[in-house]
Amino acid sequence: MTIDWVTHFGSSLWSASLAVAGAGFSAGVALLAVTTSQAWVPLLLLLALGVIGDIFRIRLSHHSEIALRSVPAFVALWSIGVPAYLLVGLSPLAVLGAIRRDREWAQTFAREATSLWVGLGTQGIVESVIFHVSSSETTESLLVHMSGPLAYWVSTLVMQAFAIHRQEGVAYRSLARGLSREALPHIFVLSAAAVTLGYLLDRFGAAAMAVAAVVLVEGYYPWKLVGEQSGLLLTSLQMMAQAVDLKDPYTSNHSQRVARLAVRLARELDLSEAEVERVRIGALLHDLGKIGVSNEIIRKPGKLTLEEYRAVMKHSEVGADIIEPLEILGDSAAMVRHHHEHWDGSGYPDGLAGRAIPLGARIILVADAFDALTTDRPYRKGTSPEKALEVIRANAGVQFDPDVVRALERIVTRHGSSSVTL
């Protein structure tokens, strides 16, 4: 009880400290902004839009997102000045980060501040370069104003990609290509939206800008829902996998570990991030069919009878049949069905061989075998990662795809054997 109270008090103190720091920062910059501009109404409105924009985050993939909070920040820059720009861009992040108890708040805050300064600096450079080039004042203003938001979002994505590359092991080239393809339409739309809101505020006042901001938020609300549903789907799949794993105390978190290793193998084989996500889902659900196998068979400490083994063999087909109607899961059902097929054709359920076996299924088989060899079971103790790798290498070209085995060897060589058991 004492330890729980201390933990709760420490967590509350940490959250309160962040809230005070965010409020202090906001108050200081607000004082400076109001002192220089006297623009109370637009400033308060833009702050409110900044908070709403922080809530509206567009999920780009399993890893990255775009927040709308920078749209009102750039409007504040053009209509009020640099202090208001920093206030609207950073204070919602500081306060809401404290409320959410976001442990990565400091890193996110630092990346956001860097991106805001990049956007500001880029706008200044573009303005100085085209000042004597453009003969049209309208064209010059549009180019200058568009350059800031574009630079902001590009720098944000670059830093996000670098962080994901280091944390998740995603190939930077593949990640940057995928994020660019997903993000560029949003970047141009949001940059144009910022310019439009700034124009409306300048020409027609805060009320017109507020109406346009509502239209922007309503337009992006479906994207927000899609991102939330995507995250909810992955969480639901993880819960389903955990429920199956809990049928046997020896396989607790087995599917999660297999999925993590399968993802690393897929990336080592230079698959696209879309394919990697399908492998992740297939690996999470590869044992889903065991939900129909009795606990007596699953937990049996001794050798299975032929009839019992046939019952277990059915799990790959049962799992595939369960998820196949869900079109959103793509090719994952085929991976679940064939993750026990062997390279030489001796596996089940269809006796596929070689490259006729879906690549995702070949990856999951190696990850599944590695985890099975390195974890304790009722009938034996888990072996070391080095010995597990030797067993898998000895069966390359027979049970396992040689290319996938070589990918596992590269991971172990580059990061150490313990890295694949995390």
| query | So, do Gln256 and Leu284 sit near enough that their side-chain heavy atoms are less than 4.5 Å apart? | reply | yes
| message | Going by the rule salt bridge (Lys or Arg N to Asp or Glu O under 4.0 Å), which residues pair with Glu112 if we only count those two or more places apart in sequence or in a different chain? | response | Arg69
| message | Rounded to the nearest 0.5 Å, what separates atom CG in Asp344 from atom CG in Leu352? | response | 12.0 Å
| message | Going by side chain to side chain donor-acceptor pair (under 3.5 Å), name the residues that satisfy it together with Thr114, two or more places apart in sequence or in a different chain. | response | none
| note | Correct closest heavy-atom pair for Met335 and Ala361 would be O-CB, 3.7 Å
| task | Check whether any side-chain heavy atom of Leu359 sits under 4.5 Å from a side-chain heavy atom of Glu275, and report yes or no. | result | no
| Below 4.5 Å, heavy atoms only, C-beta onward: do Asp368 and His254 meet side chain to side chain? | yes
| said: Would you say that Val391 contacts Lys387 through its side chain, given a criterion of any heavy-atom pair below 4.5 Å between the two side chains? | reply: no
| Atom CD1 of Ile187 and atom CG of Leu157: how far apart are they, to the nearest 0.5 Å? | 4.5 Å
| said: Which heavy atom of Val71 sits nearest to which heavy atom of Ala194, and what is that distance? | reply: CG1-CA, 3.9 Å
| note | Residues at least two apart in sequence or cross-chain that pass salt bridge (Lys or Arg N to Asp or Glu O under 4.0 Å) with Arg362, listed by chain then number, are Asp401
| 4.5 Å side-chain heavy-atom contact, Leu86 and Trp117 | yes
| task | List the atom of His315, the atom of Tyr348, and the distance in Å for their closest heavy-atom pair. | result | CE1-OH, 3.9 Å
| note | Tightest non-hydrogen contact, residues Ser191 and Pro149, listed as OG-CB, 3.4 Å
| field | With Asp350 via salt bridge (Lys or Arg N to Asp or Glu O under 4.0 Å) - residues at least two apart | value | Arg337
| said: To check you understand the geometry: which heavy-atom pair defines the closest contact between Glu341 and Ile357, and what is its length? | reply: CB-CD1, 3.7 Å
| query | Does any N or O in the side chain of His339 come within less than 3.5 Å of the main-chain N or O of Val336, such that one atom is a donor and the other an acceptor? | reply | yes
| task | With sequence neighbours excluded, tell me which residues meet side-chain contact (heavy atoms from CB on, under 4.5 Å) with Ser115. | result | Tyr152, Ser155, Thr156, Met159
| Test log, rule side-chain contact (heavy atoms from CB on, under 4.5 Å), inputs Leu261 and Leu408 | CA-CA 9 Å; Leu261 180 52; Leu408 178 63; 4.2 Å; yes
| said: With a 3.5 Å distance limit and no angle check, can you tell me whether Ser332 reaches the backbone of Arg278 through a side-chain donor-acceptor pair? | reply: yes
| message | For Arg310, is there an ion pair with Glu307 - N to carboxylate O distance below 4.0 angstrom? | response | no
| field | Stepwise side-chain contact (heavy atoms from CB on, under 4.5 Å) test for Leu200 and Thr196 | value | CA-CA 6 Å; Leu200 291 174; Thr196 302; 4.2 Å; yes
| Are Met313 and Pro349 side-chain neighbours, meaning at least one heavy-atom pair lies under 4.5 Å? | no
| field | Check: Leu47 and Val51 side chains under 4.5 Å, non-hydrogen atoms | value | no
| In Å, rounded to the nearest 0.5 Å, how long is the span from CG of Leu389 to CG of Leu373? | 10.0 Å
| Could you state the interatomic distance from CG (Leu116) to CZ (Phe74), rounded to the nearest 0.5 Å? | 6.5 Å
| message | Applying side-chain contact (heavy atoms from CB on, under 4.5 Å) to Gln399 and Ile392, what does each step give before you reach the verdict? | response | CA-CA 8 Å; Gln399 184 176 357; Ile392 291 174; over 6 Å; no
| request: Kindly compute the distance separating CH2 (Trp153) from CG (Leu190), expressed to the nearest 0.5 Å. | output: 4.5 Å
| said: Using 0.5 Å steps for rounding, measure from the OG atom of Ser70 to the OH atom of Tyr85. | reply: 8.0 Å
| For Leu68 and Pro72, which heavy atoms make the closest approach, and how far apart are they? | O-CD, 3.4 Å
| message | My understanding is that only residues two or more places apart in sequence, or in another chain, count here; which of them pass salt bridge (Lys or Arg N to Asp or Glu O under 4.0 Å) with Arg406? | response | Asp403
| Do Leu46 and Leu87 have side-chain heavy atoms sitting under 4.5 Å apart? | no
